[in-house]
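Scroll down for the structure; my scribbles are underneath it.
Positions are given from 1, in the same order as the sequence printed here. These numbers were taken from a predicted model, which means no experiment stands behind them.
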Amino acid sequence: MNAALPLRSVPPRPLPCRAEAIAAQAVAALRLEVATYPKPGLVSHVDSGSHDDMDAATFAASAAALEPFFADLARAGAEGRDMDHLRGIGLAAEAAMRAATGGVNTHRGAIFGLGLLVSAAGALGAGAKPLPPGSLGAHVRARHAKKILDGPVLLHAPGARARRRHGVGGAPAEAAAGFPTLYRVGLPALRRGARLRPGDAEAARVEACLALVAALEDTNLLHRGGADGYRFARAAAAAFLAGGGVGQAGWRGAAEMLHHAFVARRLSPGGAADLLAMSLFVQGLEAAA
């Protein structure tokens, strides 16, 4: 009779990788952002908005390329890595994004902001059960705020130029503060949109996008439209919300008119788009407040 094989020779069954699940949720949030129409001036599955160099397929290729780097960021968070380490992963992710898109910047802002939240999700063990409300942003603020604000400044990046010229904090200030606009505007607007249009998840995302455009110091708007374009965009989004948002009769037509008005001015609120994706990611991991 043959002797039984020793237990150590039997390969263990692989366990689910929480980091990979977090990364998949991040990519799903990016895909939902693109699958939202009408968003003013932004790329969607319907059209390219104010952009000539990208479309929904470009965003899909970018999101797929980023998934393994989001998993790396989640693992780095679980290991307690510092901001310098996260920044290295982010730079590699940006290189992969540009390779996948032919050099087009589709998700640079999301690599930064969503990447920090992904790292926080890894650190807090997201996935087993809903995290306490606000915990992802609070972790980013407590763990990385100083390094975020003291980080390298990319002098020729459009966002950095807009921050210097117009004196706004932009994405670094938002992240260092724990994403207050996400928690005070993005998540409540998603919930409000769901109440206004039960069963229409796209309408909820439109409501959140317009609320973020109205509230956010968006350096993409400042870069493309200057102070006048920035003021127009925020006022127009606020007027849509004041008129009832997605709860008003004919909301889709009103949102499409707004979209075309942004396109006519070549405005694109990319910061709001990034925060919409981040809001969707956080909504999927944190318990409702």
Check for a donor-acceptor pair, side chain of [X] on one end and backbone N or O of [Y] on the other, with a separation under 3.5 Å.
| X | Y | value |
| --- | --- | --- |
| R141 | G178 | no |
| R266 | G225 | no |
| K39 | T36 | yes |
| R81 | A76 | no |
| Q248 | G245 | yes |
| E207 | R192 | no |

Pairwise side-chain contact, [X] with [Y], heavy-atom cut-off 4.5 Å (strictly under):
| X | Y | answer |
| --- | --- | --- |
| D274 | L114 | no |
| M257 | H260 | no |
| L66 | H107 | yes |
| E256 | Y37 | yes |
| M54 | T101 | no |
| L116 | M83 | yes |
| Y230 | H223 | no |
| P38 | V206 | yes |

Closest contact, heavy atoms only, [X] versus [Y]:
| X | Y | result |
| --- | --- | --- |
| A254 | F240 | CB-CE1, 4.1 Å |
| A71 | A23 | N-CB, 3.4 Å |
| G186 | A208 | O-CB, 3.9 Å |
| A189 | A211 | CB-CB, 3.7 Å |
| A100 | A65 | CB-CB, 3.8 Å |
| A203 | W251 | CB-CZ2, 3.7 Å |

Flag yes if [X] and [Y] sit in one hydrophobic cluster, no otherwise; membership is Ile, Leu, Val, Met, Phe, Trp, Tyr, and two members link when side-chain heavy atoms are under 4.5 Å apart.
| X | Y | value |
| --- | --- | --- |
| V27 | L275 | yes |
| F69 | F59 | no |
| F281 | L216 | yes |
| M278 | L212 | yes |
| V140 | L124 | yes |

> Can C209 and L42 be said to form a side-chain contact (heavy atoms from CB on, under 4.5 Å), step by step?
Replying inline: CA-CA 10 Å; C209 184; L42 294 163; 4.0 Å; yes

> Testing V246, L276, L258 for side chain to side chain contact (heavy atoms under 4.5 Å, CB included) with L210, which one passes?
Replying inline: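 Only one of V246, L276, L258 forms a side chain to side chain contact (heavy atoms under 4.5 Å, CB included) with L210, namely L258.
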
When rounded to the nearest 0.5 angstrom, what distance separates [atom1] in [X] from [atom2] in [Y]?
| X | Y | atom1 | atom2 | result |
| --- | --- | --- | --- | --- |
| T58 | M97 | OG1 | CE | 11.5 Å |
| D218 | R224 | CG | CZ | 11.0 Å |
| L182 | E174 | CG | CD | 7.0 Å |
| I22 | S119 | CD1 | OG | 9.5 Å |
| L187 | S279 | CG | OG | 5.0 Å |
| R184 | F179 | CZ | CZ | 13.5 Å |

> What residues form a ring-ring contact (aromatic ring centres under 6.0 Å, His included) with F262, not counting sequence neighbours?
Replying inline: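 For F262, the residues satisfying ring-ring contact (aromatic ring centres under 6.0 Å, His included) (neighbours in sequence not counted) are F232.
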
Is [X] salt-bridged to [Y], going by a charged N under 4.0 Å from an acidic O?
| X | Y | value |
| --- | --- | --- |
| D72 | R75 | yes |
| E33 | R205 | no |
| E202 | R252 | yes |

>> Under a 3.5 Å threshold, yes or no: a donor from one side chain and an acceptor from the other, between S50 and S268?
In response: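 No.
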
> With distance as the sole criterion, is a donor-acceptor pair present between the side chains of H259 and D47 under 3.5 Å?
Replying inline: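 Side-chain D/A pair, H259 to D47: present.
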
>> Could you go through D150 and K147, starting from their C-alpha distance and side-chain angles, then the distance that decides it, and tell me whether this counts as salt bridge (charged side-chain N to carboxylate O under 4.0 Å, His left out)?
In response: CA-CA 5 Å; D150 292 344; K147 280 289 188 77; over 6 Å; no

> Yes or no on side-chain contact (heavy atoms from CB on, under 4.5 Å) for I148 and F112, after CA distance, side-chain angles and deciding distance?
Replying inline: CA-CA 10 Å; I148 289 170; F112 173 69; 3.9 Å; yes

> Is there a side-chain contact (heavy atoms from CB on, under 4.5 Å) between R98 and V104 once you walk through the steps?
Replying inline: CA-CA 6 Å; R98 293 190 183 277; V104 177; over 6 Å; no

